[in-house]
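Please read the structure below before turning to the comments.
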Amino acid sequence: QVQLLESGGGSVQAGGSLRLSCVASGPGLLAPSRRMAWFRQPLGKGREAVASIVSDGPTTYADSVKGRFTISLNDAMDTSYLQMDSLEVEDTGMYYCTVGRPLSADAMVFTSYKYSGRGTQVTVSA
């Protein structure tokens, strides 16, 4: 079992920055070669992928955030960060952290991850 706790959400004006954190804990985290990813869900819309990172480094980004967002892991590989710069109104939504061992082809598919957190709200105003 793995527990995920997101933090760092808030309200910011367009053009600003936020840094989200996701701390993972639990005996299920001992498995190697895991992926951690961030997804978001705007109010009234479906969930969409934001970014994914493998424990040995490779990252994947949604086209809408490339060049603006950066995903990273700490050395212990139990905390994921999402640095969000040049935020846009369209980035508003609930952001969820996930962890699992999906195939690389499924890295940006929410249902491919076994565990997810409760989310942290990001609101970007014009």
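The figures that follow rest on heavy atoms only: side chains count, while hydrogens, waters and symmetry mates do not.
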Margin query: Quick one, Arg19 with Leu82, criterion side-chain contact (heavy atoms from CB on, under 4.5 Å). Give me CA distance, side-chain angles, the key distance, then yes/no.
Written below: CA-CA 6 Å; Arg19 189 190 195 209; Leu82 185 67; over 6 Å; no
Notebook entry, point to check: Backbone N or O of Ala24 within a donor-acceptor pair of the Asp78 side chain at under 3.5 Å?
Noted result: no
Note to self: Using a 3.5 Å distance criterion without hydrogens, assess whether the side chain of Asp106 forms a donor-acceptor pair with backbone atoms of Leu103.
What the structure shows: no
Notebook entry, point to check: Any luck finding a side-chain donor-acceptor pair between Arg35 and Ser52 under 3.5 Å?
Noted result: yes
Notebook entry, point to check: Can you name the nearest heavy-atom pair linking Thr120 to Gly9, along with the distance?
Noted result: OG1-N, 3.1 Å
Margin query: When you compare the side chain of Tyr81 with that of Thr70, does any pair of heavy atoms fall below 4.5 Å?
Written below: no
Next item on the list: Compare every heavy atom of Trp38 with every heavy atom of Ser21, then report the nearest pair and how far apart it is.
Entry: O-CH2, 3.6 Å
Margin query: Could you check whether any side-chain N or O of Arg68 sits under 3.5 Å from a backbone N or O of Ser86, counting only pairs where one atom can act as donor and the other as acceptor?
Written below: yes
Next item on the list: Output yes when a side-chain donor or acceptor of Tyr113 lies under 3.5 Å from a complementary backbone atom of Cys97, and no otherwise.
Entry: no
Margin query: Can you tell me how far apart CD (Gln121) and CD (Gln41) are? Round to the nearest 0.5 Å.
Written below: 10.5 Å
Check: Taking atom CG of Leu5 and atom CD of Gln3, what is their separation to the nearest 0.5 Å?
Finding: 10.0 Å
Checklist line | Cluster check Val12, Leu20: I/L/V/M/F/W/Y, side chain < 4.5 angstrom | finding: yes
Next item on the list: Find out whether the Lys NZ or Arg CZ of Arg118 is both under 6.0 angstrom from the six-membered ring centre of Tyr96 and within 45° of the ring's axis.
Entry: no
Margin query: To check you understand the geometry: which heavy-atom pair defines the closest contact between Ala62 and Met108, and what is its length?
Written below: N-CE, 3.5 Å
Next item on the list: Give the C-alpha distance, both sets of side-chain angles, the deciding distance and a yes or no for side-chain contact (heavy atoms from CB on, under 4.5 Å) between Gln83 and Ser72.
Entry: CA-CA 8 Å; Gln83 177 66 41; Ser72 61; over 6 Å; no
Next item on the list: Report the C-alpha distance between Ser64 and Arg40 in whole Å, list the side-chain angles of each, state the deciding distance to 0.1 Å, and finish with yes or no for side-chain contact (heavy atoms from CB on, under 4.5 Å).
Entry: CA-CA 12 Å; Ser64 60; Arg40 67 186 180 189; 3.5 Å; yes
Note to self: If hydrophobic clusters are built from ILVMFWY residues whose side chains come within less than 4.5 Å, do Ile71 and Tyr115 share one?
What the structure shows: yes
Check: So which heavy atom on Gly119 is nearest to which on Glu6, and how close?
Finding: N-OE1, 2.9 Å
Next item on the list: Just say parallel, tilted or perpendicular for the rings of Tyr95 and Phe69, cut-offs at 30° and 60°.
Entry: tilted
Note to self: As an exercise, state the distance from CE of Met36 to OG1 of Thr59, rounded to the nearest 0.5 Å.
What the structure shows: 14.5 Å
Margin query: So which atom in Ala107 and which in Phe39 form the shortest heavy-atom distance, rounded to 0.1 Å?
Written below: O-CZ, 4.3 Å
Next item on the list: Quick one: closest heavy-atom pair of Leu4 and Thr98, and the distance?
Entry: CD1-CA, 3.8 Å
Checklist line | Working for side-chain contact (heavy atoms from CB on, under 4.5 Å), residues Met84 and Val122 | finding: CA-CA 10 Å; Met84 306 187 294; Val122 171; 3.8 Å; yes
Margin query: So Lys114 and Val99, do their side chains get closer than 4.5 Å, heavy atoms only?
Written below: no
